Structure formats: C-alpha cells, structure tokens
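Computed from a predicted structure; not experimentally measured.
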Amino acid sequence: MTREYKEDIVADVKRDFEARAEARRTFETQWRLNMNFYMGNQFCTATPTGEIADVERDYYWQEREAFNHISSLVETRLAKLNTVRPSLTVRPFSSDDCDVKTAKNAAKILSSACDKLDMDAILAEGATWSEICGTCFYYVGWDDKAGLKIGDGAYEGDVCVSVVSPFEIYPDSVLAQNIKDCRSIIRARAVEVDEIERTYGKRVNPESAEVLRMAQAAVGGGLTARAALGKLDIAAADNCAVVIERYAAPTDDKPNGELAIVAGDELLFLGALPFVNGADGRRAVPFVKQTALDCAGRFFGASIVERAIPIQRAYNAVKNRKHEFMNRLSMGVMAVEDGSVDIDGLEQEGISPGKILVYRQGATPPHMLDCGAVPAEFSAEETRLLNEFTQVSGVSEIMRSSQTASGAVSGIALQLLIEQDDTRLSLSAEHVRVAAREIARQILRLYKQFGSDARLSRIAGRNGQIELLRWSASDISSDDVVFETDNELLSTPAMRQNMMFELYKMGLLADENGKMTDGAKHRFMEALGYGGWDSDIDMSQVQINRAETECFKDKYAVSEFDDHKLHIDAHVKYLLTERPTGKRAERLKAHINEHRALATKPTGEEGEQ
C-alpha cells in the first residue's frame, strides 16, 4: 500500500465524515436541546447555526424558575421499560436430535454470556439514551484481551457489548430507515492520543476535538434568587484526536465489506469487516439500533422529550407569570408623588410594620396601587398543560404521581387505566425486545467465529444449582434467537397472578379427584412469586429436586427413601426434553425401570429387602 493511496483513503474518510456531520446537524441540535430540558436547563433555545443559547431574562424581577416535568415523565417511562427483560431461547436448525441438543446448549451459552456482560445494566443505559434522544446504539464486538488468561499476555477473548450514544453515529443517509439500509456507517469519537498509540501502535498529533461537557447556566431563579441550572455544553478536548471508523457493508467487489479507521492524518487500519455477525455467515456492521419511537423515512427515531418541550415552555411561563402576580399582590406596588418622600430609603426599606412614613407637607401621601387578583385563567391553563403532558407522553396520572385517578372508584376501572398506559408504552418496549434479540444473535455468531477452543461456562440451573458446560464453536449450530415470552408490558405479574387465581377457581389446576397435587401447589406458589415459601417443608419438591439432580450424574443409585412415582416422572421428563444419547440414556432408562419395579412391589416388601 503506497503512501499516496493511504493519503487518498484518509482524505476520503475525513471528507465523508464532514459531509455526514453537516447532514446530521439538525438532529444533533435537537438531542442537545432534549438533554438540556431533561437536566432542568429549560431557558435555552436552538439558534439558526445549530448552537444552544441561553435565553436571558428581560427584567431583573422576572421569575425564571424551571418546573421540570420532563425528567419525571422520562423517569416514569424508564421505570416501566426497565422491567422489559425478554426471556430468549435458541430455535434448533431442524428437528434432528443433534440440532435440538446443540440449540439447548446455545441457549445456555447465551444465558451465561448475558450474565457476564450484565445485559440488564446495558439495556437500561441504552433505554435512557433512546428515551432522551430518541435513538441509541449497541456495539457488539470481540475483545481479544477479555476472558481467561491462557499464556504470556494472551487471553482466550470474549464478546463485548457497549452502549453507543447517537452523537457518535453518522449514517451515509439520514433517510435510511434501518442500519441494513445504509451502505456504510461512521462512528467518530474523541480519544486520547496515548490510548490511540496503545491500541493501534501509531502516534498521531493532537487536534481540535469537540466533546460534550457539563456546565452551569445562571439564567434561572426568582425575584431575589438565582438558580445554577445544569446544562450540556460543547468544549474542546485536550490531547485528543478524533478517531473515525467507517464500516462499509459488503458489496459485489468487496464481499467482506471494508473497515477504515482514521485519526488525524494517519490511516490506522484498512481491511475487511472483522466480525462474521450477519445472517447466513456474512459480515455486517457491528451495531444494533434501538429507537424510542420510529419515524417513517428517517434513520434516527423520535423522543417523547422533543414533543414535551413546547408544553414545558408554556407550563414554565404560566407558573412564573402566576408567581409574578402573587409577588405584586404580596409585596405591593406603591405610587409616590415626585419629591414627597425619600425615594432611596423607601426603596431599600419598604413599608415595614410600625414604620413612620414622613412625606412633604401639602403633597399627596404615598398609596398602594390596586393590583387586582390572580386571573382564574392561569389555574385553568396550568391544568390543561398538565393534561397535555399526559396525552403526549403516554404517562398517566397514576404512573406519574402514584395516585389514584379522580373518578376511578373500582378496581376494574383502575386496571383498565393501567393497561392503557402499558399499551402506550408497549411500542417502545417492543423496540427494547427486538434490540435484545439482535444483540443475542450477534453474540452467538461471534462465539461461533472465535470460540474454536474449548470453553467452560457457568450456568445457573434449576433450584439454584450451578451447571458447568464445556463447549466450543462446533456446539453452536443455530443463531435463530426467539422470544420465549410475550411483551412484558402486555402481560404484567399482576395480570398473570389474577389469571392463576381464575384458573384455580375454575378447578383447572386440580386432578381427577378435585384436589391439587403437592407439585401443582408448589408451581402455583412459584407463579405467585412465593417459590421458596414452601421449599423447606414440601417433601415432594425435595424428591423432585433430588431426581433432577440425578439426571446429570453418570451413576444412578435408588435410595430406600425415594418416592418412585415422582422420580419416574422427573426422569422421563428429562428423557423427553433433553434427549440424552448413548450410554447415558441407556443407564437412565435402566434406572427408571428399577424405580418402576420397586414401585409395583407391595408395601413393606421393599423395606424387608
């Protein structure tokens, strides 16, 4: 690769980045405005140049308090969205026993990887970005320095998943709907030159790099008070350079795509896309997009915050004007004839109780002007704006204030209101579920690409037991990750509990004798959230736990204290679901027959032996 060719690549990437930054400027301005309003800096505006400027007060006495309802709306929505943690499983490639077994192993591998990555925290962070800015991204890649150490400075490597803010992503077209519709994606961020040298082995010169920072805006407060509002500002980073990563999708002339990394005037990397993370063994851009609300024909999604900003501005104006009226009523406005009193002393001290007011003889005594009363329209408009917050955000009075809505007197009415709230949020919740599923698929594809060596994963099994699974890339035959459960907001724990009670009342949980078995009782309590309530005293559950543990052993021994019927059911269930093969299956079948033989003997005969 000649020097002239490298310089052409660097120039092309930087020129492409500048063009995309200009095309995305409008969205970036809106994101910064959203974040300022969320943090409480609500006396700011977007200028025609794309900057966020503070709006100064017109008079020193002007009320400029921020009554932040946007943050409470976002926090309420996040509280609901963070309950969306989909249960994922892997669908086998075919109905063959080998494919079914490897699919179950892949599901266990995926569960272990999500636990190590702490996917709950990652999804919660991503939901915060998507709710405020409308869009967030997840980077799914492979970290060579992660995992167990296998040699001198060598590690086995592992999957890494991180949240990427929308400020770092530049699509080739802002009109593309999804990542797969883009020909290329650029990720640009400011990185310290020392970190660039450690990662890529090349030293670049520091350059002007803009980063987001927290600052204070002294534009809020009341008549005699000032509020230091937190705001999001842009500042120049020291000793940094902008690292530009351009991921180009595979084409006919470049079937593996292309990744070009540029910092300063240096070409840090140029080659094929590093990860086989696409469908059907293809390479793809290693990003997953998540939006709060989709916009047709637009790459970046919409946020509830940008819809609530006009309402928040109007609400602040109404509340502040109302307080100014109350200031005039409480402090008064005095009319004084020119030269009749000491104006300076009256202005500084006012009219305190018991004060002797001396005025010029023959002059008109000072008097208080009638300021009237606070117009009723202020309170009416305040109520209308609060209702608009509910209509725009989908967060009702029940969710926002944890109070019963006025007029809802029955439990059925309250349940209907809660279900309506969940329906409004289900669209955003579905985007979280879809993003989690795509992340899971890419995790399995990366393990299949880089997990050639044998690995050991710890998996939480049933009843709190830990299972160790030894696997390699050949054990992952399918990456078809699907949902095991429906949208969590459409089927809440309270709804499922009510359904369990209805099933119990209808007698559907009882046996042919009209009674509920001990095992059914335990599962019923577990469904209600009291799974461990009777675990210490329920002997049948103890028997089932022991039988399930025996299924994973190579040797089976029947104990004189075993409940043969429960053991037989547990072992047969394991045979039908896990489908063991070879000598292990034959030993388990012989063990089941031994239980059956002892179960058919008359009572007392077994004990005599």
Side-chain angles (χ1 to χ4, degrees), residues 20-21 24-41 52 68 70-86 117-141 160-171 174 176-179 182 185-190 210-214 230-234 245 285-295 298-309 393-395 425 427-439 442:
R20 299 187 188 196
R24 202 202 64 174
R25 189 174 304 277
T26 303
F27 297 99
E28 182 176 344
T29 302
Q30 184 65 58
W31 300 336
R32 291 173 56 197
L33 192 64
N34 291 355
M35 297 190 71
N36 275 282
F37 268 77
Y38 173 74
M39 291 186 295
N41 179 30
I52 304 297
N68 195 352
I70 288 180
S71 62
S72 62
L73 293 177
V74 173
E75 289 163 2
T76 305
R77 287 175 58 88
L78 288 175
K80 296 289 288 185
L81 292 177
N82 286 342
T83 62
V84 179
R85 294 296 177 263
L117 293 170
D118 195 2
M119 283 301 301
D120 288 349
I122 293 175
L123 291 175
E125 182 183 354
T128 303
W129 277 106
S130 64
E131 283 298 303
I132 297 176
C133 298
T135 314
C136 79
F137 299 87
Y138 300 95
Y139 172 79
V140 187
C160 61
V161 180
S162 60
V163 179
V164 180
S165 76
F167 291 94
E168 298 182 6
I169 300 297
Y170 301 81
V174 294
Q177 187 72 34
N178 300 303
I179 290 180
C182 298
I185 296 286
I186 284 182
R187 180 187 182 185
R189 64 192 189 279
E210 294 182 345
V211 294
L212 298 176
R213 69 166 185 177
M214 292 295 299
K231 71 174 183 179
L232 190 72
D233 199 4
I234 290 181
E245 304 171 359
V285 177
F287 294 106
V288 177
K289 188 182 78 166
Q290 175 183 312
T291 58
L293 299 170
D294 281 334
C295 292
R298 204 175 88 174
F299 184 77
F300 297 104
S303 168
I304 292 297
V305 176
E306 63 189 73
R307 299 180 180 180
I309 284 177
S393 65
V395 177
L425 286 172
L427 187 60
S428 299
E430 191 63 26
H431 293 158
V432 178
R433 287 163 50 85
V434 172
R437 182 182 62 185
E438 182 59 28
I439 292 172
Q442 294 200 22

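Side-chain contact check for Arg187 versus Phe287: some heavy-atom pair is nearer than 4.5 Å. The closest side-chain heavy-atom distance from Leu33 to Trp31 is not below 4.5 Å. In this structure the side chain of Gln177 never reaches within 4.5 angstrom of the side chain of Phe299, judged on heavy atoms.
Side chain of Arg24 to main chain of Ile169: a donor-acceptor pair is present (N/O by atom type, distance under 3.5 Å, no hydrogens or angles). A side-chain donor-acceptor contact under 3.5 Å links Asn34 to the backbone of Ile132. Put simply, the side chain of Ser130 never gets that close to the backbone of Thr291: no donor and acceptor are under 3.5 Å apart. Asn41 places no side-chain N or O within 3.5 Å of a backbone atom of Phe37 that could act as its donor or acceptor partner.
One finds no salt bridge joining Arg25 and Glu28 here, because no Lys/Arg side-chain nitrogen approaches an Asp/Glu carboxylate oxygen to under 4.0 Å. Between Arg189 and Glu245, at least one side-chain nitrogen of the basic residue sits less than 4.0 Å from a carboxylate oxygen of the acidic one, meeting the salt-bridge criterion.
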Residue pair Phe300, Phe27: steps toward the ring-ring contact (aromatic ring centres under 6.0 Å, His included) verdict: CA-CA 8 Å; Phe300 297 104; Phe27 297 99; 5.4 Å; yes
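Side-chain atoms of Arg77 and Ser393 form no donor-acceptor pair, as typed in the model, at a separation below 3.5 Å.
Screening Lys289, Glu438, Gln290 against Tyr138 for a side-chain hydrogen bond (donor to acceptor under 3.5 Å, both in side chains) leaves a single residue, Gln290.
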